[in-house]
> 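Below is a structure I'd like to ask you about.
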Amino acid sequence: MSATGRIEEHPILGPLPERSVVTFRFNGVPMQAYQGETIAAALLAAGIRTLRLHEEKGTPRGIYCNIGHCFECRVTVNGRTGIRACLTLVEEGMEITAGEILPTPLKKGGHPA
Amino acid sequence: MTDVLIVGAGPAGLSAAATCARHGLSVRVVDEFMKPGGRLLGQLHEEPDGTWWNGIEEARRLYEQAVGLGASVACGVSVYDAARGEEGWVVSTTEGILEAPVLLLATGAAETALPLPGWTIPGVMSIGAAQVMTNVHRVRVGERGVIIGVNILAVAIARELQLAGIHVDRMVLPPRNPVTQEAASPYHVMQSLLRVAHLAPSAFIRYGSRLVKSDPLLRLAVRCYPAGGVKMWRMPIHLRTAAVEILGTSKVEGVRLARVSPDGEPLPGTEHDIPADFVCIAGGLHPLAELAAVAGCPFAYLPELGGHVPLHNERMETPLAGLYVAGNITGIESAKVAMAQGAVAGLAIAEHLGRLRDRTALADAIAHVKRVRRSATIQFHPEIGRGRADVERMFQEQGISGK
Ligand SMILES: Cc1cc2nc3c(=O)[nH]c(=O)nc-3n(C[C@H](O)[C@H](O)[C@H](O)COP(=O)(O)OP(=O)(O)OC[C@H]3O[C@@H](n4cnc5c(N)ncnc54)[C@H](O)[C@@H]3O)c2cc1C
Ligand code: FES
């Protein structure tokens with residue numbers, strides 16, 4: 001059993017209901033999720049924790065609050081940047097890419113444009 | 001035309017929506033989460049009588065009630081501004097501008113961060129994030145976790161992770177720094193932990209709850225606290241061990257711990273590393289009140305209520321005409337209190353808009369909030385009653401403008 005994945009059975013909440021499968025791409029790689037899952041949940045279930053690289057430092061970041069408050073989970077969805085993965089449901093055919101390092105040409109020792 | 005716009009579809013917002021709709025008002029609720037219910041959704045507690053408080057079921061009941069009475073509830077909509085216009089409140093959302101004569105802010109609470117080295121590594125998350133991932137999304141957060149921060153929410157959620165079959169290795173204190181303060185002091189944490197002893201099936205803790213009343217005994221208990229921690233639901237809770245750093249580069253690999261003095265001072269030479277693939281940070285809750293601030297509402301700072309709260313009275317009115325607040329935005333309490341406050345706000349709004357015939361209903365609802373507060377299973381602050389009295393007094397001193 002992998003470390004992440006879905007909690008199929010729960011002693012109080014019961015079994016996970018049947019849901020249809022949705023196909024999407026993350027950083028160009030085709031992946032599957034279930035209808036009604038957030039991007040963050042679907043990626044974590046697939047073992048992916050890194051959702052972006054810090055815009056300046058390039059260090060990896062994942063979810064922190066999971067409820068829309070911290071904006072740590074920003075990804076690009078179908079070309080739109082700054083989308084919170086923890087609040088956004090995966091949809092069939094979605095193109096999701098992790099946030100990348102941005103150029104900081106004016107900063108000493110920063111990244112070129 | 002909307003009479004009442006409500007931000008937040010948690011227990012407070014949904015109860016208020018149902019109450020307003022029942023009084024013939026047209027109500028619109030917006031929430032940025034993808035499901036109605038707010039933080040109720042993740043909650044799963046065993047009540048002292050052995051029944052389960054299942055937040056998903058409670059949220060469904062509240063949602064169906066509000067919608068059944070005619071309220072409209074839109075999810076996936078974020079609100080980022082609220083300003084007083086000519087006719088009422090003008091609210092900016094990700095779906096455009098909404099206007100209504102009455103605005104109720106029921107935005108709930110946010111978790112307080114406890115920064116420490118390594119806390120941005122993927123796999124580190126807030127304790128509430130783990131709760132939502134586990135109970136709402138039903139995705140495992142990892143295989144072996146460490147919880148940093150010992151408080152009532154952490155204890156409740158650790159139990160929920162265990163129920164879902166996720167191993168929490170131990171719970172430790174955060175390192176001492178200017179942000180963590182009392183959360184890093186074994187003495188203060190012991191004191192607050194013993195206050196929630198009734199939730200714990202642990203003889204040690206139950207026995208310990210008698211110590212709270214005697215300060216010297218409490219200090220002795222902290223000095224003698226077992227190095228291996230005290231187990232609650234088979235999970236060791238450490239009060240004399242703190243996390244000093246989270247280890248890993250692209251993902252969490254472990255936690256560096258150190259033994260600490262009874263005051264939370266790390267003891268040199270006691271550092272050791274333990275493996276983990278996820279870490280939860282439990283820094284407690286504070287009211288999520290930014291929208292009240294941008295709307296121009298005056299604030300009060302009351303630690304008993306969780307920090308800065310918009311000034312309000314027991315009818316849930318703020319000093320700004322047509323602006324109401326309910327739920328955890330007014331102070332950190334359990335969902336049942338938030339629901340009761342939502343009903344009060346709904347009745348006060350109905351009265352304000354000339355729709356309340358039975359005046360005693362409002363007084364009864366206010367009395368009900370106090371009863372629910374007194375009988376709450378989970379209390380986030382022992383002096384909540386004093387905080388509530390203080391904010392009421394401060395409101396009366398200030399009065400309502402434009403009325
Ligand atoms: C992470 C977390 C876990 C918690 N766990 C527990 C627990 O286990 N047990 C317990 O008793 N209490 C818990 N609480 C306390 C909880 O706040 C109360 O129990 C209760 O849910 C408060 O109800 P509410 O209606 O005031 O707010 P909430 O239930 O928080 O609902 C507020 C809603 O407002 C929405 N919102 C906020 N800002 C905006 C905006 N700008 N635009 C649009 N929508 C917005 C949110 O998405 C949310 O759905 C928890 C709180 C948090 C933050
Ligand atoms: S994880 Fe905090 S906003 Fe998404």
Side-chain angles (χ1 to χ4, degrees), chain A residues 1-17 19 33-54 57-73 80 82-91 98-99, chain B residues 31-35 38-39 41-42 44-46 52-57 75-76 78 107-111 113 119-144 160-166 248-252 277-278 281 288 290:
Chain A
M1 198 173 64
S2 95
T4 58
R6 291 175 185 81
I7 301 162
E8 302 285 350
E9 294 291 335
H10 192 286
I12 316 295
L13 300 173
L16 261 185
R19 293 170 294 177
Y34 289 104
Q35 189 81 44
E37 282 186 328
T38 62
I39 295 172
L43 290 174
L44 180 59
I48 296 173
R49 292 191 190 270
T50 298
L51 300 176
R52 62 179 246 272
L53 299 181
H54 187 271
K57 287 181 262 166
T59 48
R61 298 297 163 95
I63 59 159
Y64 182 74
C65 75
N66 204 16
I67 53 170
H69 296 164
C70 73
F71 284 73
E72 278 292 284
C73 62
R80 274 183 66 193
I83 303 292
R84 285 170 283 177
C86 70
L87 288 187
T88 310
L89 299 181
V90 275
E91 285 170 19
Chain B
D31 194 303
E32 65 180 350
F33 204 62
M34 74 300 295
K35 288 180 184 160
R39 306 290 81 83
L41 289 168
L44 193 59
H45 313 299
E46 196 171 2
W52 285 89
W53 172 253
N54 179 340
I56 294 177
E57 292 296 331
C75 290
S78 299
T107 47
E111 288 189 77
W119 77 309
T120 58
I121 301 168
V124 181
M125 65 195 86
S126 72
I127 190 80
Q131 179 185 48
V132 171
M133 209 44 115
T134 305
N135 295 342
V136 183
H137 301 317
R138 297 282 292 268
V139 170
R140 301 170 62 85
V141 284
E143 198 136 73
R144 182 189 164 94
E160 294 171 17
L161 293 175
Q162 278 190 335
L163 272 178
I166 294 159
T249 43
S250 66
K251 58 183 187 354
V252 171
D277 70 341
F278 75 95
I281 295 187
L288 185 60
E290 280 85 348

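A note on names: the letters A, B, ... follow the listed sequences, proteins ahead of strands, and every chain is numbered from 1.
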> Run through A:H10, A:R6, A:E9 and flag the one making a side-chain contact (heavy atoms from CB on, under 4.5 Å) with B:R138.
A:H10

> Please classify the contact of A:C86 with chain B as side chain, backbone, both or neither, using a heavy-atom distance under 4.5 Å.
backbone

> Table please: side-chain donor-acceptor pairs of residues 122-137 of chain B below 3.5 Å, with sequence neighbours left out.
from   : atom 1 : to     : atom 2 : distance (Å)
B:S126 : OG     : A:Y64  : O      : 3.3
B:S126 : OG     : B:E111 : OE2    : 2.7
B:S126 : OG     : B:A129 : N      : 3.1
B:Q131 : NE2    : B:G42  : O      : 3.3
B:Q131 : NE2    : B:E160 : OE1    : 3.1
B:T134 : OG1    : B:A130 : O      : 2.6
B:N135 : ND2    : B:G42  : O      : 2.7
B:N135 : ND2    : B:E160 : OE1    : 2.9

> Rounded to the nearest 0.5 Å, how far apart are CG of B:L41 and CD1 of A:I67?
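That separation rounds to 10.5 Å.
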
> Might you point out which heavy atoms bring A:T50 and B:S250 nearest each other, and give the distance in Å?
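That would be OG1-O, 3.7 Å.
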
> Calculate, to the nearest 0.5 Å, the distance between atoms OG1 and NZ belonging to B:T120 and A:K57 respectively.
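That separation rounds to 6.5 Å.
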
> A:E72, A:R84, A:E37: which one forms the most heavy-atom pairs within less than 4.5 Å of chain B?
A:R84

> Tell me, out of A:T38, A:L16, A:I63, who's got the most heavy-atom pairs with chain B below 4.5 Å.
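Highest number of heavy-atom pairs under 4.5 Å: A:L16.
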
> Within this structure, what is the CZ-CG distance for the pair B:F278 and A:L44, rounded to the nearest 0.5 Å?
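Rounded to the nearest 0.5 Å, the CZ-CG separation comes to 10.5 Å.
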
> Taking side chain as everything from C-beta outward and backbone as N, CA, C, O, which of these in B:R39 sits under 4.5 Å from a heavy atom of chain A? Side chain, backbone, both or neither.
side chain

> Below 4.5 Å, heavy-atom pairs only: which of B:V252, B:V141, B:I121 has the largest tally toward chain A?
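Ranked by contacts with chain A, first place is B:V141.
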
> Just so I understand: if I count every heavy-atom pair under 4.5 Å between each of B:K251, B:E32, B:E57 and chain A, which residue has the most?
B:E32

> Which bit of B:N54 is near chain A, if near means a heavy-atom gap under 4.5 Å: side chain, backbone, both or neither?
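Contact with chain A is through the side chain of B:N54 alone.
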
> Just verifying a value: how many Å separate B:W52 CH2 and A:L13 CG, rounded to the nearest 0.5 Å?
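Separation between the atoms: 9.0 Å.
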
> Given that the side chain runs from C-beta out, which part of A:L89 has a heavy atom under 4.5 Å from chain B: side chain, backbone, both or neither?
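Looking at A:L89, just its side chain touches chain B.
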
> How many angstroms lie between CD in A:E8 and CZ in B:R140, if you round to the nearest 0.5 Å?
10.5 Å

